[in-house]
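Encoded as structure tokens, here's the structure I'll be asking about.
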Amino acid sequence: MENGPSSRAQHVFCSGMVLMGITTRILEVGDNPQRHAALEEAAQLLRDGQLVAFPTETVYGLGGDAGRADVIDKIFAAKNRPSDNPLIVHLDHLDRVADYCSEIPQALTALAKAFWPGPLTVVLPATEKVKNTVCRGLETVAVRIPNHPIALELIKRADMGLAAPSANLSGRPSPTRAEHVYQDMQGRIPLILDGGPCQVGIESTVLDLTDQRPAILRPGMVTRSNLESVLGCEILKADKVDALRRSPGTRYRHYSPSAPVYVVTQDVSEEAFLALVHYLAEEGRLGYLGSRKPVLCSHIQVEPQELAQHLYRGLRELDDQECCGIIVESPGKGEVGDSVMDRLKKAASFYFESDAQTHRFIAEGLD
Ligand code: TXA
Ligand code: MG
């Protein structure tokens, strides 16, 4: 983790707001003497059918026992999640996959060897017991082994697969720090394990292995060429219709702060960019996330290649400053850039690819 194992004192604080009658605590899990106690407390809550938020290498997850229907209901209620959007089951070992999947394809062994633990989720045929709970009526189940020591230790101690969506309220940017989880989940869950900032920053790649040809349902840090080089076959980048059919989560507007998001590609010139900044700044405080240096607004400096790691934090922080709009510079080109663009397009209200488009937007006063 960015801030590594820490000797920071364990801290606990209580929510001011108790939305569902629950007091939410945050326990810092560093290399401190309290690590064992914090993880044991979290594991006990999970065994008792409660929810615990925990760090993964991608984003924070909101975990609960993947084998209990009542716990799955709690996850959907805490997040306000649309009820048809299935959850990913998080495991600590490849042997556990058979608890949730009825048929394990050969390709999984090679994928697991190359990418697990890591930011890859694989969709497989589901066992009967999870079809109507975790999978929301689908015949398939999504599984992954996260690459984070706290997540792995928690799953091991709790001795169960953890159903875990990202730990944000539905529609909000995914949380990459414990305080983001607290913003969204205070009063809704009893415990958040604080493992510092997440390294990857965007959610795992979702790969469907249930059709004849494997297909990417959600792009991420594990790219199509990474997958193709391991599987030795072409992988479909599911087009929108296909993705909608196979992965209900891709249907919903996601990752959005309250302020409108304006995405500006690197092809937009400095002159057109500054014209846009001046135009939008007339409305009020304007936020900017990127590597250019505008003078007028709340600014978070991020190089395009680092955007994945800082995107959700940036959107949340600028939103907290009550910006009337947030301009985000698009990521660098390439497969990882495309994965970040996938998230940005879902958050964005406007997308500026060229000067002509930008000038037209300003001239016509579109809003
Ligand atoms: O990195 C991640 O994947 C994070 C961390 C916490 O592991 N989790 C995450 O979960 O992003 P969530 O629930 O926010 O997104 C899960 C995505 C959704 O788009 C959902 O529709 C898709 O995975 N999914 C889950 N089960 C599926 C299935 N059986 N078939 C197709 N898509 C599935
Ligand atoms: Mg999510």
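Keep in mind that this is a model prediction, so the values were computed, not measured. In each ligand, atom 1 is the first atom listed, and ligand 1 is the first ligand listed.
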>> What I want to know is whether R218 and ligand 1 share at least one N or O pair that is separated by under 3.5 angstrom.
In response: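 Yes.
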> Any idea which atoms of ligand 1 are less than 4.0 Å away from a heavy-atom of V141?
Replying inline: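 The atoms of ligand 1 under 4.0 Å from a heavy atom of V141 are 29 (N).
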> I88 and V71: same hydrophobic cluster, using ILVMFWY side-chain contacts below 4.5 Å?
Replying inline: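 Not linked; separate clusters.
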> Any N/O/S atom, backbone or side chain, of S166 lying under 2.8 Å from the Mg ion (ligand 2)?
Replying inline: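 Looking at S166, which is the residue asked about, there is an N, O or S atom under 2.8 Å from the Mg ion (ligand 2).
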> What atoms of ligand 1 come within less than 4.0 Å of a heavy atom belonging to T140?
Replying inline: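 What qualifies from ligand 1 is 28 (C), 29 (N), 30 (N).
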> How are the rings of H299 and Y288 set relative to one another: parallel (under 30°), tilted (30 to 60°) or perpendicular (over 60°)?
Replying inline: parallel
> In terms of ring plane angle, is the pair Y279 and F361 parallel, tilted or perpendicular, where the classes change at 30° and 60°?
Replying inline: perpendicular
> Would E322 and R285 pass as an ion pair if we require N to O under 4.0 Å?
Replying inline: no
> Hey, looking at atom 24 (N) of ligand 1, which of G61, S166, P125, P86 has the closest heavy atom?
Replying inline: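 Of the listed residues, P86 has the closest heavy atom.
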> By number and element, which atoms of ligand 1 are closer than 4.0 Å to a non-hydrogen atom of P165?
Replying inline: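 Numbered from 1, ligand 1 contributes 10 (O), 12 (P), 13 (O).
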>> I need the atoms of ligand 1 closer than 4.0 Å to a non-hydrogen atom of H90, numbered in the order shown.
In response: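 Counting from 1, the qualifying ligand atoms are 5 (C), 6 (C), 7 (O).
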> Should you measure from each heavy atom of L138, which atoms of ligand 1 turn up under 4.0 Å away?
Replying inline: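 Taking each heavy atom of L138 in turn, ligand 1 has 28 (C), 29 (N), 30 (N) under 4.0 Å.
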> With a 3.5 Å cut-off and no angle check, do the side chains of S291 and Q301 form a donor-acceptor pair?
Replying inline: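 Note: S291 and Q301 side chains miss the donor-acceptor criterion.
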> Taking the side chain as C-beta and beyond, is there a heavy-atom pair between Q183 and E179 under 4.5 Å?
Replying inline: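 Side-chain contact under 4.5 Å: no.
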> Side chain, backbone, both or neither: which part of N85 has a heavy atom under 4.0 Å from ligand 1?
Replying inline: side chain
> Under 3.5 Å, is there a donor-acceptor pair linking the side chains of R47 and Q44?
Replying inline: yes
>> Within ligand 1, which atoms have a heavy atom of A142 less than 4.0 Å away?
In response: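 Result: 25 (C), 26 (N), 27 (C), 29 (N).
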>> Pairing donors with acceptors under 3.5 angstrom, does anything connect the side chains of Q321 and S298?
In response: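 Note: Q321 and S298 side chains meet the donor-acceptor criterion.
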>> Can you see whether Y60 has R177 sitting over its ring - NZ or CZ less than 6.0 Å from the centre and within 45° of the normal?
In response: no
>> Under 4.0 Å, heavy-atom basis, I'd like to know which part of D208 is in contact with ligand 1: side chain, backbone, both or neither.
In response: neither
> Applying a 4.0 Å heavy-atom criterion (strictly less than), which segment of V123 is in contact with ligand 1: side chain, backbone, both, or neither?
Replying inline: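 It is the side chain that touches ligand 1; the backbone stays farther off.
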>> At less than 4.0 angstrom from any non-hydrogen atom of S204, what atoms of ligand 1 do you find?
In response: 1 (O), 2 (C), 3 (O)
> Are L91 and L62 linked, directly or through other ILVMFWY residues, by side chains that come within less than 4.5 angstrom of each other?
Replying inline: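 Shared cluster, yes.
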>> Only heavy atoms of L217, strictly under 4.0 Å: list the atoms of ligand 1 that pass.
In response: 31 (C)
> Below 3.5 angstrom, do we get any N/O pair linking Y60 and ligand 1?
Replying inline: no
> At under 4.0 Å between heavy atoms, which part of E139 makes contact with ligand 1: side chain, backbone, both or neither?
Replying inline: neither
